[in-house]
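Following: one structure in structure tokens, then a few remarks.
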Amino acid sequence: MPPAESTNPSNFIKTIIEEDIKNNKNDGRVHTRFPPEPNGYLHIGHAKSICLNFGVAAEYNGLCNLRFDDTNPSKEEAEYVESIIEDVKWLGFDWGDRLFYASDYFEKLYQYAVQLIKEGKAYVCDLSADEVREYRGTLTEPGKESPYRNRSVEENLDLFERMRAGEFKDGSRTLRAKLDMASGNINMRDPVIYRIQRAAHHRTGDKWCIYPMYDFTHCISDSIEGITHSLCTLEFEDHRPLYDWFLDQLNIFHPMQIEFARLNLSHTVMSKRKLLKLVEDGYVRGWDDPRMPTISGLRRRGYTPESIRNFCDRIGVAKADSMVDMALLEYCIREDLNKSAPRVMAVLRPLKVVITNYPEDQVEELDAINNPEDLSAGTRKLPFSKVIYIEQDDFREDPPKKYFRLAPGREVRLRYAYFITCVDVIKDDKTGEVTELHCTYDPATRGGDAPDGRKVKATLHWVSAGQSLDAEVRLYNHLFIKADPEEDKDNTDFKFSLNPDSLETLTSCRIEPGLAEAEPGRRYQFERLGYFCVDPDSTDKKIVFNRTVTLRDTWAKIQKSQNTSSPS
RNA sequence: UGGGGCGUCGCCAAGCGGUAAGGCACCGGGUUCUGGUCCCGGCAUUCGGGGGUUCGAAUCCUCCCGCCCCAGCCA
């Protein structure tokens, strides 16, 4: 279990739990569960639920189970089970020996259904799906009772047994709970609790051709596992009366269902349906595309489990629908990586610089600090020579106000190296594009400090041309342009809301030689640029980096305000 | 027009009858060999609105307004 986080805000669920403990409800026991359906990959919204369920259990000396809600074989796959297990583990949580599947309870569930039938509380209904819908009524009109509602217990028992035996066609009959067709709560209008469906189940194969529905399964599964607090999202609030009804009728252990608001994050989508569409229609490269809000996408992007846990702590838990700003997630990963990521020199868009007064074939080694936030990370040697690369952005022939970096005649510092002064600008005759800079260096400033105490306004990152390595760098931006892509409800076409610039691939980046052996998953800070991590696409020939997040960029902010205020 | 929820700073969110925590964002200012980090300061006389109860209300009552969810043999 991860260590307790520093922030520990209160929320209404903890209030309820603390009250229950005080009253010795459940003998003061706290037992939760995270119950994913294995029909897709986990995303940051699930992380909220995972952190809540496992977190609250840990905080009150309780337990949290991992349980797959696998009652619909036509949508569920073993591949998803694998990825979910991996993701929850990666996030840092441990369910001990309590990995369960609702399908483990199929036989028990069947017996409970039989019990309901015997007590006259459930019946086999021969209505078709369409007819069931018609009989259900609408939001404002009550439903009609099924003509099969008053079959005898014996007939129901016989029919249900034959449903299980496979005597009837898919969809031809259902088992329904006998509640109230006039209820204002549509979930109470004789909900279906078993359907006939001949589909291979990822665990039980073809053993069953009838499968229990969520409402019937979930409460009983919770009860079997001795769950004390069953936490779920707001849309199940309407289902709570049903949850309670089943447990009351069956007279078995009764967990308490508590609903909280699901997470919405700005500039992305969270519904499994939409994420699946992004993957299937090729808008992204897969479930683990670094632009996806999936756990696997965030992992590949370079997010740490710690940063995601901190994020989940900070967003809180409440009942109000809300949308959290992506900026908070970004803050959390910067906070973590600032402390832990080794600094490294990388030039994304190289501009050649020749140090005219530097000896032709000399290469010297300069000391660089690996992490100013953690001196125990030590130092390393950086090669320096006559020809180096700096960032194109770090030179302006005609510098605007407040631009501190290199310009004709201006002196700046090369980090851990020397002060250089720009003396000449070489341009392409045809395009006018700056192709090369000639600079002089001051040998007395070796290491980056001037003995005469003179200051420079900027420090640039750089890389030695001869000693640097080639790399590909993938820059990511918000997947969606608008903060709330679902704002326009009728516009379901991603084409209109996706950010065309969510991925920019740079192929001629130069990185310091020490990165030659960097392994996939390794995270670095590229000085002055941001945090990057090595992508699994890397090969012996070419290292590929993903930009996790940029550094905070005050200069970009200044430029933006200059651009918006200058046209006057 | 049925049922269930929710409305506290730009975004989250504490608060539970005693006079509006905190975080992000934003805006200053200081430190700095990363325009990063760090530090310091600013940022709701007011809690969707109107009435009422009370010495006292974001908290209690009441009416109104707005937003979300539900008509799968999905979860």
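Numbers restart at 1 for each chain; the letters A, B, ... are given by sequence-line order, proteins then strands. Note: hydrogens, waters and symmetry copies are ignored here, and every other heavy atom, side chains too, is used.
In this pair, F532(A) and F526(A) present their aromatic rings parallel. The plane angle is below 30°, not in the 30 to 60° band.
Contact annotation: T71(A) does not reach the phosphate of C74(B) (side-chain N/O to OP1 or OP2, under 4.0 Å). Using a 4.0 Å cut-off, no side-chain N or O of T15(A) falls inside it from OP1 or OP2 of C16(B). Distances shown here put every side-chain N or O of R189(A) at or beyond 4.0 Å from the OP1 or OP2 atom of G2(B). Applying the 4.0 Å criterion to OP1 and OP2 of C73(B), one finds that R136(A) has a side-chain N or O inside that range.
The gap from the P atom of G18(B) to that of A57(B) amounts to 12 Å, rounded to the nearest Å. The C1' atoms of G66(B) and G50(B) are separated by 15 Å, rounded to the nearest whole Å. Taking atom P in both A20(B) and A58(B), the straight-line distance is 9 Å, to the nearest Å. Nucleotides C60(B) and G23(B) are separated by 31 Å at their C1' atoms, to the nearest Å. With C1' as the reference atom, C74(B) and C65(B) are 35 Å apart, rounded to whole Å.
If you take CZ of F404(A) and P of U34(B), they are 13 Å apart, rounded to a whole angstrom. Distance CD (E527(A)) to C1' (G35(B)): 13 Å, rounded to an integer number of Å. In this structure, E512(A) places its CD atom 14 Å from C1' of U34(B), rounding to the nearest Å. The distance from atom CG of D553(A) to atom C1' of A25(B) is 16 Å, rounded to the nearest whole Å. Atom CZ of F260(A) is separated from atom P of C12(B) by 17 Å (rounded to the nearest Å). Between the CD1 atom of I315(A) and the P atom of C11(B) there is a distance of 16 Å, given to the nearest Å. A straight line from CG of D313(A) to P of G23(B) spans 15 Å, rounded to a whole angstrom. Taking atom NZ on K339(A) and atom C1' on C38(B), their separation rounds to 13 Å, with Å as the unit.
Of the two residues contacting RNA chain B, namely Y214(A) and R528(A), the nearest-nucleotide position lying further toward the 5' end is that of R528(A).
Under 3.5 Å, the side chain of R343(A) and the base of U34(B) form at least one donor-acceptor pair of N or O atoms. A donor N or O paired with an acceptor N or O is not found under 3.5 Å between the base of G36(B) and the side-chain atoms of R334(A).
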Response to the item:
Letter by letter from the 5' end, nucleotides 3-9 of chain B scores (B base, S sugar-phosphate only, - none; protein heavy atoms under 4.0 Å) BSSS---
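Checked for salt-bridge contact, R523(A) and D336(A) miss the test: no charged N lies under 4.0 Å from a carboxylate O.
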